[in-house]
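These values consider heavy atoms only, across backbone and side chains, with no hydrogens, waters or symmetry-generated copies. Predicted model only: the values in this text are computed from it and were never measured.
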Amino acid sequence: MSLSGRRPTRFEARVHAALGEVPRGRVVTYAEVAKRLGCRSAQAIGQALKRNPRAPEVPCHRVIRSDGRLGGYAGKRGGVRVDRKRRLLREEGVEFDDEGKLTDPARLWRWGG
DNA sequence: TCTGTGACCGCTG
DNA sequence: ACAGCGGCCACAG
């Protein structure tokens with residue numbers, strides 16, 4: 001309850017706002033979001049998302065790793081949580097191959113570039 | 001592919 | 001206020 005009952009920090013709010021700019025059917029990397037916020041730690045982005053599993057208000061599932069793999073979801077780096085993430089993306093037309101890599105790199109969203 | 005190091009935010013004590 | 005630690009990561013070797 002320490003998590004769900006907590007009010008978002010300013011940093012978290014900025015992360016969520018940034019995610020809101022990512023259209024459906026597109027994905028963005030943790031690094032890209034970090035860059036957008038002027039933060040040099042992509043991991044800090046993951047932290048912020050973990051603290052707010054309240055989808056679909058915040059489309060956490062649209063954030064993947066720089067190497068094209070899914071990365072974690074809802075605080076876990078594997079298992080059913082990530083399976084769910086993959087399903088959600090699949091519903092938006094974003095697919096991953098057997099290696100867990102993003103099939104179509106054109107799906108990658110990025111700001112100003 | 002795996003390991004080590006860098007980076008940084010928020011929790012806890 | 002402050003130090004230590006862990007975490008949905010990135011990057012180099």
Looking only at side-chain atoms of [X], point me to the closest of [options].
X	options	value
A:R65	C:dC8, C:dC9, B:dA7	C:dC9
A:L49	C:dC9, C:dC8, B:dG10	C:dC8
A:S66	B:dA7, C:dC8, C:dC11	C:dC11
A:C39	C:dC11, B:dC9, B:dA7	B:dC9

Gap between atom CZ of A:R87 and atom NE2 of A:H61 - 0.5 Å precision: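 So the NE2 of A:H61 and the CZ of A:R87 are separated by 12.0 Å.
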Distance, nearest 0.5 Å, that separates CD1 of A:I64 from NZ of A:K101: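 The NZ atom of A:K101 is 10.0 Å from CD1 of A:I64, to the nearest 0.5 Å.
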Under 4.0 angstrom between A:S41 side-chain N/O and C:dC9 OP1 or OP2: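 So the side-chain polar atoms of A:S41 never come under 4.0 Å of the phosphate oxygens OP1 or OP2 of C:dC9.
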Residue-phosphate contact under 4.0 Å: A:R77 side-chain N/O, C:dC9 OP1/OP2: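 Yes, within the criterion.
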Sidechain N-carboxylate O distance under 4.0 Å for A:D67, A:R65: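 Answer for the salt bridge query: yes.
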Side-chain donor/acceptor of A:Q47 to base of C:dG6, under 3.5 Å: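 It does, because a donor-acceptor pair links the side chain of A:Q47 to the base of C:dG6 below 3.5 Å.
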5' precedence on DNA chain B between A:E99 and A:A44 (nearest-nucleotide basis):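 First, find each residue's nearest nucleotide; the 5'-ward one identifies A:E99.
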A:K35 NZ to C:dC11 C1', straight-line distance once rounded to whole Å: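 That distance rounds to 14 Å.
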